[in-house]
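Since the structure comes first, as structure tokens, the remarks are kept for the end.
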Amino acid sequence: MVKRRVGTSKLLRMKGSENTDDLISGLPDNLLHHIMSFLNTREAVQTCILSKRWKNVWRTLPYLYLNFNDFKLDVSNRYSPDLFMDFVSNLLLHRDPTCLHTFQLDCRYPLDSDDEIISGWARYALMHNPRVLSLLVPNDAASQLCHSVFNCTSLEELHFGYINMLDQIKLVPETIVAPHLRHLRLYNVQLNEKFMEKMFSECPGLTDLHLVWCSLKIRSIRSQKLKCLTLHQCEYEVEMQLIDAPSLTELCIKGLEAIRYEINITSMPSLLKVVVSYSFLQPRWSVIFPRFSNVQQLELKGPSIETLLETELPTCPIFHNLRSLFIQLHCRTCDIALTANFVRYCPKLEELVLSLDYHCQCATTLTNVFRETRISKQLRTVTLFRPKLLRKIKVHHIDCCIRAEQIVQALKHRGLWECRN
């Protein structure tokens, strides 16, 4: 009796049934590490229970994200400092001694532990040559780490500081050796002229500088390569006189009222985006617009933007390159009228974003503004944005406004209405 030959397709199906491994588990470690980089480290370690293949993958993971907020006891939003401390200590103890790409440690809240333990975690990271380092740690630990952090030669991006408005870190590293550093973000630290000069000279590739809640004892910021500068609610202990950064493409000054004297800003031909936030009623720094008339994006924020516009409009230049404009409004008639007047100086404006107060009652006024003001012919989109609701509304849903239908009709008349589901 002749046996019938088994077809090739059937053999393949039989072999496939014997192989129970999933396709993802068959990937090499570097691809699995990339997939795991989208998880926080606690979740990444938990993948060890999936199969034998995953048992030790976490040990060589080059991305470590250690955030105290990821350690909740239950749904009541209570956190466990002990659980966090034990996890981090055991993780670093059992991890293989391979290089790190990213190390993020966020324990900004007080922990019942010695600062030496937290400093030890950070020093472990520094010993493994990280390219991206983020340390938001208590003040004492940050002070201990200051010198080591700024002498890590592998760093390309650094976030460093302490999120506590009542206390600040004095940055006084004896030396700075970070030849590859390109992005630097400092929180709640005290900076002086000596540190700034040393930083720009010893970090020749530095292009992005963000100073958040910092105390500045500096009179100038000078850099030929800096492309992005952010001064966020900083305290200026001495008169800052000069910003000299001809390669700057983005400038953000939040808390403009804290600058008591006018800053001399040199020519910035590459500047594309400016964000200005202004809080106090009386302007201390006037004639801002001529410095930024070549930008493509402009954002004006804060409860006193009305005062700023009143000061600037009499000498306002033409914004020939402006394509996108964001203005925060507080639903006063003069706010909207000033905005409409400013738009006249933007002949190429394509997008206008108005951030409205939650209790907006300006429908009639806004309608008249759009009906009577000659808005740029290039304007294609008007967006109403309510930050307190955390939602962006493309002028098709204005239920917070009284007589909202008048706005709809006015925008339709000008061809600015975009209806989306």
Side-chain angles (χ1 to χ4, degrees), residues 41 61-68 84-85 87-111 113-164 167-218:
T41 302
L61 185 65
Y63 309 94
L64 298 183
Y65 305 105
L66 306 170
N67 193 324
F68 179 70
F84 175 71
M85 300 288 293
F87 175 84
V88 177
S89 296
N90 282 291
L91 170 75
L92 301 183
L93 179 64
H94 295 94
R95 181 182 179 274
D96 289 349
T98 55
C99 288
L100 286 168
H101 178 281
T102 301
F103 184 85
Q104 181 186 92
L105 177 60
D106 187 344
C107 51
R108 65 187 76 177
Y109 303 104
L111 300 176
S113 64
D114 191 343
D115 288 324
E116 285 292 340
I117 297 177
I118 298 176
S119 300
W121 298 341
R123 290 194 178 94
Y124 171 92
L126 293 169
M127 290 172 55
H128 292 80
N129 303 315
R131 293 165 59 183
V132 179
L133 179 65
S134 177
L135 297 176
L136 299 180
V137 295
N139 191 328
D140 291 340
S143 299
Q144 295 174 16
L145 293 167
C146 183
H147 178 75
S148 300
V149 166
F150 284 95
N151 284 270
C152 181
T153 57
S154 63
L155 284 182
E156 297 178 9
E157 181 175 344
L158 172 62
H159 298 209
F160 183 68
Y162 181 40
I163 310 300
N164 187 335
D167 205 358
Q168 289 187 324
I169 304 164
K170 283 188 177 181
L171 279 187
V172 286
E174 297 177 1
T175 59
I176 297 178
V177 183
H180 304 295
L181 188 64
R182 293 183 291 114
H183 307 280
L184 176 61
R185 187 182 294 264
L186 299 175
Y187 298 86
N188 210 29
V189 300
Q190 296 180 14
L191 303 176
N192 56 29
E193 292 277 4
K194 184 178 180 180
F195 173 83
M196 296 294 287
E197 292 175 2
K198 192 180 299 184
M199 180 184 65
F200 283 121
S201 64
E202 300 300 329
C203 306
L206 186 63
T207 58
D208 292 1
L209 177 62
H210 300 260
L211 305 179
V212 182
W213 305 320
C214 292
S215 176
L216 305 181
K217 295 181 179 180
I218 57 177

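With sequence neighbours excluded, the residues satisfying side-chain contact (heavy atoms from CB on, under 4.5 Å) with Q144 are D115, E116, S119, R123. Scored by the side-chain contact (heavy atoms from CB on, under 4.5 Å) test, S201 finds no partners at all (sequence neighbours excluded).
Rounding to the nearest 0.5 Å places CG of L216 at 7.5 Å from CE of M196. Here OG1 of T41 is found 10.0 Å from CG of N67. Values are rounded to the nearest 0.5 Å. If you take CG on L145 and SG on C152, they are separated by 11.5 Å, rounding to the nearest 0.5 Å. One finds the CG atom of L184 at 7.5 Å from the CG atom of L211 (value rounded to the nearest 0.5 Å). To the nearest 0.5 Å, the span separating CZ on F200 from CG on L206 amounts to 6.0 Å. Residue N139 holds its CG atom at 8.0 Å from CG of N188, rounded to the nearest 0.5 Å.
Ring-plane geometry between H101 and Y63 is classed as tilted, the angle between the planes lying from 30 to 60 degrees on a 0 to 90 degree scale. Between H159 and Y187, the ring planes are tilted. Angles from 30° to 60° get that label.
Within the 4.5 Å cutoff, the side chain of M85 has heavy atoms near those of the W121 side chain. Looking only at side-chain heavy atoms (C-beta outward), F87 and L66 come within less than 4.5 Å of each other. A heavy-atom distance below 4.5 Å is not found between the side chains of I117 and V88. Residues I118 and C107 form a side-chain contact, since some pair of their non-hydrogen atoms from C-beta on lies under 4.5 Å apart. Contact check for L181 versus I176: no side-chain heavy atoms found under the 4.5 Å cut-off.
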Let me check something: any side-chain donor-acceptor pairs from residues 124-138 under 3.5 Å, sequence neighbours excluded? List them with distances.
from, atom 1, to, atom 2, distance (Å)
Y124, OH, R95, NH1, 3.1
H128, ND1, Y124, O, 2.7
R131, NE, E156, OE2, 3.4

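Formation of a donor-acceptor pair under 3.5 Å by the N151 side chain with backbone atoms of T175 is found in this model.
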Working for side-chain contact (heavy atoms from CB on, under 4.5 Å), residues F195 and I218 | CA-CA 9 Å; F195 173 83; I218 57 177; over 6 Å; no
Stepwise, does the side-chain contact (heavy atoms from CB on, under 4.5 Å) test hold for M199 with L209?
-> CA-CA 11 Å; M199 180 184 65; L209 177 62; 4.2 Å; yes
